[in-house]
Amino acid sequence: MAHEHTSNTKRIWVVFGILSIITIVEVWLGIEKPKSLFHSNFLSMNLLNWIFIILTLVKAYYIVWAFMHMEGETKALRRAVVWTGIFLILYLTFILLTEGFYVFTVFRDATIKWNF
């Protein structure tokens with residue numbers, strides 16, 4: 001028995017639409033920078049940056065889900081691949097924010113002035 005080839009054109013357009021909408025929201029937020037999000041802080045960072053991080057994680061998850069065909073794999077493999085990536089991204093974001101805040105406080109409180 002031969003397997004039938006099914007067209008994935010609709011699925012490709014749906015993925016394209018979802019990723020485009022998320023990207024348009026990110027670009028719009030980057031251009032407009034709403035003051036309600038930009039001037040309010042949560043965990044030492046403004047809400048706008050948190051929204052960017054969350055939307056980027058959603059896009060990365062959906063890209064892995066759709067283009068690496070993770071929806072057809074076993075639950076254990078999906079979790080191993082996706083959760084490893086998400087934890088790695090969150091860990092790197094934590095390190096970036098922690099070290100960036102440290103450098104900012106060193107330059108703010110020390111006698112060394114901003115020379116760049």
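Heads up: numbering here begins at 1 and tracks the sequence.
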Q: I'd like a table of donor-acceptor pairs (distance under 3.5 Å, sequence neighbours excluded) in which one partner is a side-chain atom from residues 81-101, with atom names and distances.
A:
residue	atom	partner	partner atom	Å
Thr84	OG1	Ala80	O	2.4
Thr93	OG1	Ile89	O	2.8
Thr98	OG1	Phe94	O	2.8

Q: Where does the angle between the aromatic ring planes of Tyr61 and Trp65 fall among parallel (under 30°), tilted (30 to 60°) and perpendicular (over 60°)?
A: parallel
Q: Could you list the residues that satisfy salt bridge (Lys or Arg N to Asp or Glu O under 4.0 Å) with Lys33, not counting sequence neighbours?
A: none
Q: Among the clusters formed by ILVMFWY side chains lying less than 4.5 Å apart, do Val64 and Phe16 turn up in the same one?
A: no
Q: By the rule that ILVMFWY residues connect when side-chain heavy atoms come within less than 4.5 angstrom, directly or transitively, which residues belong alongside Ile31?
A: Val27
Q: Could you give the side-chain donor-acceptor pairs of residues 45-58 under 3.5 Å, partners two or more places apart or in another chain?
A:
residue	atom	partner	partner atom	Å
Asn46	OD1	Leu48	N	3.3
Asn46	OD1	Asn49	N	2.9
Trp50	NE1	Phe42	O	2.7
Thr56	OG1	Glu26	OE2	3.3
Thr56	OG1	Phe52	O	2.7

Q: Residues two or more places apart in sequence or in another chain: which of them pass salt bridge (Lys or Arg N to Asp or Glu O under 4.0 Å) with Arg11?
A: Glu71
Q: Go through the structure and list residues passing side-chain contact (heavy atoms from CB on, under 4.5 Å) with Leu19, not counting sequence neighbours.
A: Val15, Lys59, Tyr62, Ile63, Phe67
Q: With side-chain contact (heavy atoms from CB on, under 4.5 Å) as the test, would you mind laying out the steps for Thr9 and Ile12 before giving the verdict?
A: CA-CA 5 Å; Thr9 306; Ile12 292 170; 5.7 Å; no
